[in-house]
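Every chain is numbered from 1 and lettered A, B, ... according to where its sequence line falls, protein lines coming before strand lines.
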2 protein chains.
Amino acid sequence: MLIGELARQTGCEVETIRYYEREGLLSAPLRSASGYRRYNAEQLGELNFILHCRSLGMSLADIRQLAAFKADSSLACDDINQLIDRQVSKVHQQVESLRLLEQQLLALRDRCHDHHTVAECGILQTLVEASEGEPCVCHTPFGQDPHPHPHSMEKQ
Amino acid sequence: MLIGELARQTGCEVETIRYYEREGLLSAPLRSASGYRRYNAEQLGELNFILHCRSLGMSLADIRQLAAFKADSSLACDDINQLIDRQVSKVHQQVESLRLLEQQLLALRDRCHDHHTVAECGILQTLVEASEGEPCVCHTPFGQDPHPHPHSMEKQ
DNA sequence: CTTGACCTTGTAGCGACTATAGGGTTTGCA
DNA sequence: TGCAAACCCTATAGTCGCTACAAGGTCAAG
Ligand SMILES: [Zn+2]
Ligand SMILES: [Zn+2]
Ligand SMILES: [Zn+2]
Ligand SMILES: [Zn+2]
């Protein structure tokens, strides 16, 4: 199986497959006389493992770790559980902060309904006033402290 | 006001301020004889505007657009509303796909409770079996199609 | 006169790809 | 046999929003 066929079977881009090999996630396949990569069922499984983990939002570093565990099955699995737990809490945090973000954006959006000129746009007005230190609907939902602007998003 | 003082007042890193200037988001300030950047209240506002928009998850490209609108206030504000709408729906989509992700991860986590060896770990077993084409708790919640693995996450 | 805190530019790194450029190979068909 | 299309290869640079150096210049206090 050439790389294009593997790409077709997995839905993964050719360039991404080569990238995974470069990163040491996918084992280097045998090459034909002309240097073409030839894949077998084992590597198809490897790639599907990677893609499955990626679809669960795991980092390549995490996947590398999981693959290492897969290789030495006599180890204790506590680290696997921890890895998943970390992933769950990371995702949970992201959900929470994005939900807040959505509320903030909706509150901001609510400042403009009709279409008029920018000068009268409640959205832009809110943003400009907030940059001058005044409270804003997005970050001060119910008459709270008008003071410092929290950096609500850490990493996205 | 030197760059360090501006950084202190806004909670933004010095390097990030210079980065915003390089990217054309923050107007280039006057320089002292020795080349130090000197900021005034206007640029403090500009930076706060940027930071406020960033805290709403907007991209630098979006912020550039908003700043352009701020500059020409005679335009119609429809584009602003659209920009916010796009941002809302992007965030909403992210929330939805992350919530699904969380459920998938929790289902996977549920496959291993006690600590034992990797060979018996239900999590790793699930991941390996899924890579061989079998259905998995994470992507096949209630006896659905065991067939192709959807790429559930587009961009994170 | 030295120390330390500040400032400058330029460059490289992160993560997970994606996209090119500039080639070589294989296959099918006239 | 000639040629084109479809495939493959490597190497390099770009994406986004920073962050972290390195190597040097400036300034105020002691
Ligand atoms: Zn408006
Ligand atoms: Zn706000
Ligand atoms: Zn386990
Ligand atoms: Zn699954």
Discussion item. In this structure, how many angstroms lie between the C1' atom of C:dG15 and the CZ atom of A:Arg64, rounded?
Written reply: 11 Å
Item to complete: Indicate whether OP1 or OP2 belonging to C:dT9 is found under 4.0 Å from a side-chain N or O atom of B:Arg31.
Response: yes
Discussion item. When you compare the side chains of A:Glu120 and A:Thr117, does any donor N or O come within less than 3.5 Å of an acceptor on the partner?
Written reply: yes
Worksheet, complete the sentence: Expected string for nucleotides 20-30 of chain D under the B/S/- scheme (protein heavy atoms, under 4.0 Å, primed atoms plus P, OP1, OP2 as sugar-phosphate) is BB---BBS---
Fill in: Nearest-nucleotide comparison on DNA chain D, the residue closer to the 5′ end among A:Leu2 and B:Tyr19
A:Leu2
Worksheet item: Going through the checks in order, is the side chain to side chain contact (heavy atoms under 4.5 Å, CB included) test met by A:Cys12 and A:Ile50?
Response: CA-CA 10 Å; A:Cys12 181; A:Ile50 297 168; over 6 Å; no
Worksheet item: Does B:Tyr20 place a side-chain N or O at less than 4.0 Å from the phosphate oxygens OP1/OP2 of D:dG17?
Response: no
Worksheet item: Checking side chain to side chain contact (heavy atoms under 4.5 Å, CB included) for the pair B:Gln94/A:Val95: CA distance, chi angles, key distance, verdict?
Response: CA-CA 8 Å; B:Gln94 284 182 0; A:Val95 169; over 6 Å; no
Worksheet item: For DNA chain C, whose closest nucleotide is more 5', that of A:Thr16 or that of B:Glu5?
Response: B:Glu5
Worksheet item: Does the side chain of B:Ser131 come under 3.5 Å of the side chain of A:Glu46 through a donor N or O and an acceptor N or O?
Response: no
Worksheet entry | Rounded distance (Å) that lies between atom P of D:dG17 and atom CG of B:Leu25 | 9 Å
Fill in: Worked verdict on B:Cys77 versus A:Leu124 for side chain to side chain contact (heavy atoms under 4.5 Å, CB included)
CA-CA 9 Å; B:Cys77 80; A:Leu124 201 55; over 6 Å; no
Response to the item:
One should read off an interatomic distance between A:Asp62 CG and A:Arg54 CZ, to the nearest 0.5 angstrom, of 10.0 Å
Worksheet item: Rounded to whole angstrom units, what separation is found between the CG atom of A:Leu47 and the P atom of C:dC17?
Response: 11 Å
Discussion item. If the cut-off is 4.0 Å, is B:Arg37 near the phosphate of C:dT8, judged by side-chain N/O to OP1 or OP2?
Written reply: yes
Under 3.5 Å, which donor-acceptor pairs link side chains of residues 32-41 of chain B to any protein atom two or more places apart or in another chain?
residue, atom, partner, partner atom, Å
B:Ser32, OG, B:Ser34, N, 3.4
B:Ser32, OG, B:Ser34, OG, 3.1
B:Ser32, OG, B:Tyr36, N, 3.1
B:Arg37, NE, B:Glu21, OE1, 2.7
B:Asn40, OD1, B:Glu42, N, 3.1
B:Asn40, OD1, B:Gln43, N, 3.2

Worksheet item: In whole Å, what is the span from the CG atom of A:Leu56 to the P atom of C:dA16?
Response: 14 Å
Worksheet entry | Separation between CG of B:Leu127 and CE of A:Met58, rounded to the nearest 0.5 Å | 5.5 Å
Worksheet item: In whole angstroms, how far is the C1' atom of C:dC14 from the CG atom of A:Leu60?
Response: 12 Å
Fill in: Donor on one side chain, acceptor on other, B:Gln9 and B:Glu5, under 3.5 Å
yes
Practice prompt. Measure the distance from CD1 on B:Ile17 to C1' on C:dC6 and round it to the nearest whole Å.
Written response: 14 Å
Worksheet item: What integer distance in Å separates A:Leu6:CG from D:dC9:P?
Response: 11 Å
Fill in: Whole-Å distance separating the CD1 atom of B:Ile50 from the C1' atom of D:dC18
14 Å
Worksheet, complete the sentence: Bend of the helix from C:dC1-D:dG30 to C:dA30-D:dT1 from end-axis comparison, five pairs per end, nearest 10°, comes to 30°
